[in-house]
S.K.: 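Sharing a structure below in structure tokens format, with a few things to ask.
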Amino acid sequence: MGGAYINFEGVIFRNPSGLNISNPVVEFKASSTNCDNCKLTNIKIDSYNGTSAQETSTFKWVLLNGQNNEISYCSFIGKNGVGSIINDNRDSSEPDYSKIHHNYFASRSPVGEVNALNDQDAIRIGNSATSLFDSFTEVYENFFNDFSGEIEVISNKSCNNKYYNNTFRDYQGCLTLRHGNSCEVYGNFFIANNNLFSGGIRVIGENHKIFNNYIEGVNSKKLDGSTSNGTGGINVSNGRVSSALNGYYQVKNTTIINNTFVNCDYGLRIGTNIGGDLTLAPENLIVGNNLIANATTKAIQQVTAPIGTSLYQGNIRQGGSWDISSTNGNTSVSSGLIATTSTDFFRIVSSSAAINAGLGSYSFLMNDITGGVRAASFDVGAEEFGSGGIRIPYTTADVGVKVGFGSSSILGVSKNRVDSQKLLVYPIPVQGDYINISFKNEILGLVEIVDMQGKMMLNKVVDAAEYKLDISIFPKGIYAVKVQGVSKLFMK
């Protein structure tokens, strides 16, 4: 696709039957013309692979070029061979402003053993040569399931990107900030099911913010029984002196706060040395208000002590051990930090030591992982007890409904559900600047409004059963409002 405002949707690629694949299945470029403001949506690429002779050859499924493009509500299933599923190669230093959201990435199998070859990720944003330039890409609300390739499930190689509200389940590898600076990683669920060579977030570079992530069941062991130095719940790497662009830049000015780790071998690993020659310790590193429950090896492993104005503050562990002192509010408890059973993820309980125990002040920490509002005296960990948020990790039951091919960009509007009668939206049509909503005497919680293109117009947590919303800035049109999984349309 070359040009502008091109939409490609509703197509399935499958059963290639011996097809020799060398070019991408979909490319946002035709000849020398990039695609700008283009959209790939509601597409399925299902085991669309090359011949067995091509197993170690590189082929990508989607190659991004241009600016302001979107990939949404697609399913990418069963890729093998080398090459990213989605690759924004960023040959230019110009920002991309890409949005990759509500997609399903599943059942990737590695060439040989996991991490035997590079370039087997789901998404790569950038390359080494342009890694210090801004991309402004957002990757959110995607579901990565049964995924194995290399250490990088997502590979960030550019600056000022955001990775949020994604679910990783039954996978190997990590979300890796490999090159580039000033990225944010928040609101993600990592549920590794104790798979070998699994981790959460791997950190290299400067000025990152990592918060409100839930990481469960990661296992740093490799197939040969040794331990990977690149995995763990959150792994903060050392840097290389005079590093080349494709090397390891020092971690500086990075904040890692309010994450939850449950049943991991390692919670946080600080100052790791994956290549043996990484000697620059993390500098000006804040590790605060993290909740680590039931670590089997180390709650916090300090391989290399951070330098500068670095700080461990307000972290709480249950079980295990850590390589930090108990000063600055870092505490340990014997039990009661989280629930002992889980239906969606392990939550904090009413008697938890994490409640109101958060230390420090962080202007960006306004909500928790469920979408609920943080209190002024906020909790330790990714979840704020009683916040009213309703976000939970994706499961396979959400595929084709909330994420992936066949799902709706209009929040799954209900028409014939009994519980839809509980949601009242009036007046319809709206003639003025306000709309009223109520939910049959129950707290509304998270309220979302999107337009018919799926653009989020309003996202607000409401601690009341009835509320008047200001929609004066909305243009005339049709919108969907969603409360507690129930949606209705209204017209302004």
S.K.: Check whether any side-chain N or O of S310 sits under 3.5 Å from a backbone N or O of N284 as a donor-acceptor pair, and report yes or no.
M.R.: yes
S.K.: Going by the ring pair (Phe, Tyr, Trp, His ring centres under 6.0 Å) test, name the single residue among F105, F405, Y104 that passes it with F143.
M.R.: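 The option that passes is Y104.
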S.K.: Going by side-chain hydrogen bond (donor to acceptor under 3.5 Å, both in side chains), N213 matches just one of N188, N258, N290. Which one?
M.R.: N188
S.K.: Drop me the distance from H179's NE2 to S158's OG, to the nearest 0.5 angstrom.
M.R.: 10.5 Å
S.K.: Could you walk me through whether K221 and D265 pass salt bridge (Lys or Arg N to Asp or Glu O under 4.0 Å), step by step?
M.R.: CA-CA 9 Å; K221 291 292 185 184; D265 58 350; over 6 Å; no
S.K.: Looking at side-chain heavy atoms only, is the closest gap between L40 and F28 below 4.5 Å?
M.R.: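 Side-chain contact under 4.5 Å: yes.
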S.K.: Testing the 3.5 Å rule here: is there a donor-acceptor pair between the side chains of T370 and S387?
M.R.: yes
S.K.: Say whether R374 and N212, considering side chains only, have a donor N or O and an acceptor N or O under 3.5 Å apart.
M.R.: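 There is such a pair (donor and acceptor under 3.5 Å, judged by atom type) between the side chains of R374 and N212.
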S.K.: Salt-bridged, R124 to D88, with N to O below 4.0 Å?
M.R.: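 No, this pair does not count.
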S.K.: Quick one: does any side-chain atom of N69 pair with a main-chain N or O of S98 as donor and acceptor, under 3.5 Å?
M.R.: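 No, because the side chain of N69 does not come within donor-acceptor range (under 3.5 Å) of the backbone of S98.
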S.K.: With no hydrogens and no angle check, is any side-chain donor or acceptor of E141 less than 3.5 Å from a backbone partner on H101?
M.R.: no
S.K.: Determine whether the side chains of T130 and S93 contain a donor N or O and an acceptor N or O closer than 3.5 Å.
M.R.: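 No.
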S.K.: Quick check, are the ring centers of Y48 and F13 under 6.0 angstrom apart?
M.R.: yes
S.K.: For the residue pair S109 and N80, confirm or rule out a side-chain donor-acceptor distance under 3.5 Å.
M.R.: no
S.K.: Is a side-chain donor or acceptor of R178 paired with a backbone partner of G247 at a separation under 3.5 angstrom?
M.R.: yes
S.K.: Does K162 form a salt bridge (Lys or Arg N to Asp or Glu O under 4.0 Å) with E138? I'd like the steps, not just the answer.
M.R.: CA-CA 5 Å; K162 294 183 179 182; E138 296 185 30; 5.3 Å; no
S.K.: Donor-acceptor pair, S92 side chain versus E94 backbone, under 3.5 Å?
M.R.: yes
S.K.: Nearest 0.5 Å, what's the CG-CD distance between L177 and E206?
M.R.: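 Here the interatomic distance stands at 13.0 Å.
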S.K.: Please test F144 against Y171 for ring-ring contact (aromatic ring centres under 6.0 Å, His included), starting from the C-alpha separation and ending with a verdict.
M.R.: CA-CA 8 Å; F144 303 84; Y171 66 97; 8.8 Å; no
S.K.: Do L285 and I270 have side chains that get closer than 4.5 Å, going by heavy atoms?
M.R.: yes
S.K.: I need the F189 CZ to R169 CZ distance, nearest 0.5 Å.
M.R.: 9.0 Å
S.K.: Salt-bridged, R108 to D121, with N to O below 4.0 Å?
M.R.: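 Salt bridge absent between R108 and D121.
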S.K.: With rounding to the nearest 0.5 angstrom, report the CZ to CD1 distance, R269 to I300.
M.R.: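 One gets 13.0 Å once the value is rounded to the nearest 0.5 Å.
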S.K.: Output yes when K99 and E70 qualify as a salt bridge under the 4.0 Å nitrogen-oxygen rule, no when they do not.
M.R.: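 Salt bridge absent between K99 and E70.
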S.K.: Under 3.5 Å, side chain of T58 to main-chain N/O of G83, donor-acceptor pair present?
M.R.: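 Not at all, since once roles are kept as given, no pair shorter than 3.5 Å links the two residues.
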S.K.: Would you check if there is a donor-acceptor pair between the side chains of N142 and N166 at a distance under 3.5 Å?
M.R.: yes
S.K.: Go through the side-chain N and O atoms of N330 and T327 and say whether any donor and acceptor fall under 3.5 Å apart.
M.R.: no
S.K.: Is the side chain of N103 donor-acceptor paired with the backbone N or O of Y73 at a distance under 3.5 Å, no angle test?
M.R.: yes
S.K.: Do the side chain of E150 and the main chain of D119 share a donor and acceptor less than 3.5 angstrom apart?
M.R.: yes
S.K.: Could you grab the distance from atom CG of N87 to atom CG of L63, nearest 0.5 Å is fine?
M.R.: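 N87 CG to L63 CG: 5.5 Å, rounded to 0.5 Å.
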S.K.: Do Q172 and S148 get their side chains close enough for a donor-acceptor pair, meaning under 3.5 Å?
M.R.: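 There is such a pair (donor and acceptor under 3.5 Å, judged by atom type) between the side chains of Q172 and S148.
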S.K.: What's the spacing between I256 CD1 and Y312 OH if we round to 0.5 Å?
M.R.: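 Rounded to the nearest 0.5 Å, the CD1-OH separation comes to 9.0 Å.
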S.K.: Which residue, Y186, F378, Y164, forms the ring pair (Phe, Tyr, Trp, His ring centres under 6.0 Å) with F211?
M.R.: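 Looking at Y186, F378, Y164, the match for F211 under the ring pair (Phe, Tyr, Trp, His ring centres under 6.0 Å) is Y186.
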S.K.: Assess the side chains of D96 and S135: does a donor N or O sit below 3.5 Å from an acceptor N or O?
M.R.: yes
S.K.: When you measure from the side chain of T231 to the backbone N and O of G199, does any donor-acceptor pair fall under 3.5 Å?
M.R.: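 Absent.
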S.K.: When you check the side-chain N and O atoms of N68 and D36, is any donor under 3.5 Å from an acceptor?
M.R.: no
S.K.: With distance as the sole criterion, is a donor-acceptor pair present between the side chains of N235 and T272 under 3.5 Å?
M.R.: yes
S.K.: Identify the heavy atoms of G200 and V218 that sit nearest to each other, and give their distance.
M.R.: N-CG1, 4.1 Å
S.K.: Take the angle between the ring planes of F364 and Y362 and call it parallel below 30°, perpendicular above 60°, tilted in between.
M.R.: tilted
S.K.: Whether the side chain of S72 engages the backbone of H102 through a donor-acceptor N/O pair (distance < 3.5 Å, no angle test) should be reported.
M.R.: no
